[in-house]
Structure formats: structure tokens, C-alpha cells
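Below you'll find the structure, written out as C-alpha cells, and then a few comments.
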Amino acid sequence: MTRYFLKFIIILILTNLSFTSVANDKILLIGDSLSAGYGLEQAQAWVHLLQNKYSDDNTPITIINTAISGQTTDNALLKIDTWLKTHQPSHVLIELGGNDGIRGFPVKLLQKHLSLLVTKSQQHGAKVALMEIQIPPNLGPRYLQMFTDSYNKVSKQTGAYLMPFFMEGIAIDSSLMLNDNLHPNVKAQPIIRDFMDKEIAKWLQQ
């Protein structure tokens with residue numbers, strides 16, 4: 001009797017571990033300074049705040065933040081294979097392109113790099129979301145339109161989920177921006193956290 005009881009307990013434990021593993025979503029965030037917490041303490045940045053919220057709510061989501069200030073799409077391509085192999089994410093969120101656009105990189109090159117980042121992640125078995133980045137209009141309306149259209153184009157070509165830009169409502173409010181008018185300040189971080197909480201939930205339900 002004891003032997004069968006122990007066997008039942010072991011099976012139950014293994015089953016629970018299996019369900020826990022399946023239920024846990026591991027999101028690899030590939031981004032730039034907007035997600036790296038530029039100008040802030042890490043504890044103040046939106047990614048840290050959102051992970052804390054998941055922990056407090058017992059939401060089985062882990063964010064692996066590989067965002068680096070100044071990162072471009074070609075920089076990320078040099079590292080993505082290592083990130084995917086190391087972290088084995090179930091999902092990949094790509095928040096990149098702002099630095100490419102600010103530096104005036106060719107739009108076709110941006111599209112090529114984004115497509116490669118998406119397809120490499122998909123080939124590794126991850127579901128991918130592509131954030132629709134927007135940039136200041138310094139380089140003129142034609143470049144701006146081509147840049148913005150790139151995200152929808154890559155999304156359609158690759159099947160990646162297109163996620164709205166978390167800076168859209170923040171960048172126009174100077175009270176939420178650092179003095180450089182490019183990066184969100186500490187006051188903006190909880191707003192971004194709440195925005196991303198909702199958008200990630202929508203994505204994961206797809």
C-alpha cells in the first residue's frame with residue numbers, strides 16, 4: 001500500500017511540474033535604451049516594474065531583458081543566436097529600430113534585419129511580437145513614412161504579432177520625458193508598465 005501511495009505522489013509531483021513548465025511564458029525582450037532604463041535606476045525601469053507586478057499577481061511570466069542602450073538591429077543580429085540558445089524563450093519581443101532610424105539607416109536594410117530577427121526566433125520555436133517603433137520627423141516625411149510602414153510589412157511577411165509602440169502617447173508629453181526629449185523619465189515608467197501589461201496579455205492570448 002505504501003509503495004503505491006509513494007508512486008502516486010511522485011506521479012502527481014511530476015504532473016504538476018509539467019503543467020508549471022507549460023504555463024510559464026518566458027519572454028526574451030530584445031530592445032534598446034527605451035527598455036534598458038536609460039537614465040534611471042534599474043528598479044525604476046518599466047521592465048523591472050512589470051516583472052514585479054507579475055510576481056505580485058502570481059502571473060507565470062518571466063521577462064529576460066537583453067535591451068542595450070544604443071542597440072541597432074544589426075547589433076542584435078550578432079547576439080540573437082546566443083540569446084536564443086542560452087535562454088530558450090517561448091516568446092520573443094523585438095523593440096528595435098529607433099537607433100537605426102535616428103541614424104538614417106536605409107529602410108530596406110532595417111526591414112531585412114527585422115525579418116532575420118523574427119525568423120531566427122521563429123525557427124527556434126518562439127512566438128514573436130514586433131513593436132511598431134516611431135521616430136522623430138527629422139529626416140523628412142518620406143523617410144518617416146517608409147520607416148513606419150516597415151513594421152507592418154515585416155509583420156505581414158513573417159506572421160509576427162504587431163504590437164503598438166509604448167512611447168506614442170508619452171513622447172508628446174514633456175512632463176514624461178527626460179531633458180533629451182528622446183527617453184521616458186521615471187514618472188513615465190509605471191505608465192509604460194501598465195500599457196505593456198495589457199499589450200503582452202493580448203499577444204499571449206493570440
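Residue numbers run from 1 in the order of the sequence given.
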Determine, using the 4.5 Å side-chain heavy-atom cutoff (strictly less than), whether L182 and I170 are members of one ILVMFWY cluster.
no
Taking the side chain as every heavy atom from C-beta outward, state whether H48 and N65 have any pair of such atoms under 4.5 Å apart.
no
Return the set of residues passing side-chain contact (heavy atoms from CB on, under 4.5 Å) with H183 (not counting sequence neighbours), or none when no residue passes.
S33, L34, Y38, L178, D180
If we ignore hydrogens and angles and just use 3.5 Å, is the side chain of Q111 paired with the main-chain N or O of F147 as donor and acceptor?
no
May I ask you to decide if D32's main-chain N or O and S35's side chain share a donor-acceptor pair within less than 3.5 Å?
no
Quick one, H124 and V92 - any side-chain contact, counting heavy atoms below 4.5 Å?
no
Say you draw a straight line from CG of D197 to NZ of K53; how long is it, rounded to the nearest 0.5 Å?
4.0 Å
Check whether any side-chain N or O of K26 sits under 3.5 Å from a backbone N or O of H87 as a donor-acceptor pair, and report yes or no.
yes
Can a donor-acceptor pair be found, under 3.5 Å and without considering hydrogens, that links the side chain of Q122 to the backbone of T158?
yes
Is the shortest side-chain heavy-atom distance between W46 and F166 below 4.5 Å?
yes
May I ask you to test the L176-P184 pair for a side-chain heavy-atom distance under 4.5 Å?
no
Side-chain heavy atoms of I200 within contact of I27, under 4.5 Å
yes
Anything under 3.5 Å between a donor and an acceptor, one on a side chain of residues 96-106, the other on a protein residue two or more places apart or in another chain? List them.
{"from": "N99", "atom 1": "ND2", "to": "Q71", "atom 2": "O", "distance (Å)": "2.9"}
{"from": "D100", "atom 1": "OD1", "to": "T73", "atom 2": "N", "distance (Å)": "3.2"}
{"from": "D100", "atom 1": "OD2", "to": "T73", "atom 2": "N", "distance (Å)": "3.4"}
{"from": "D100", "atom 1": "OD2", "to": "T73", "atom 2": "OG1", "distance (Å)": "2.5"}

Over 60° means perpendicular and under 30° means parallel, so tell me whether H91 and W203 are parallel, tilted or perpendicular.
perpendicular
Tell me if a side-chain donor or acceptor on T66 pairs with a main-chain N or O of L29 at a distance below 3.5 Å.
yes
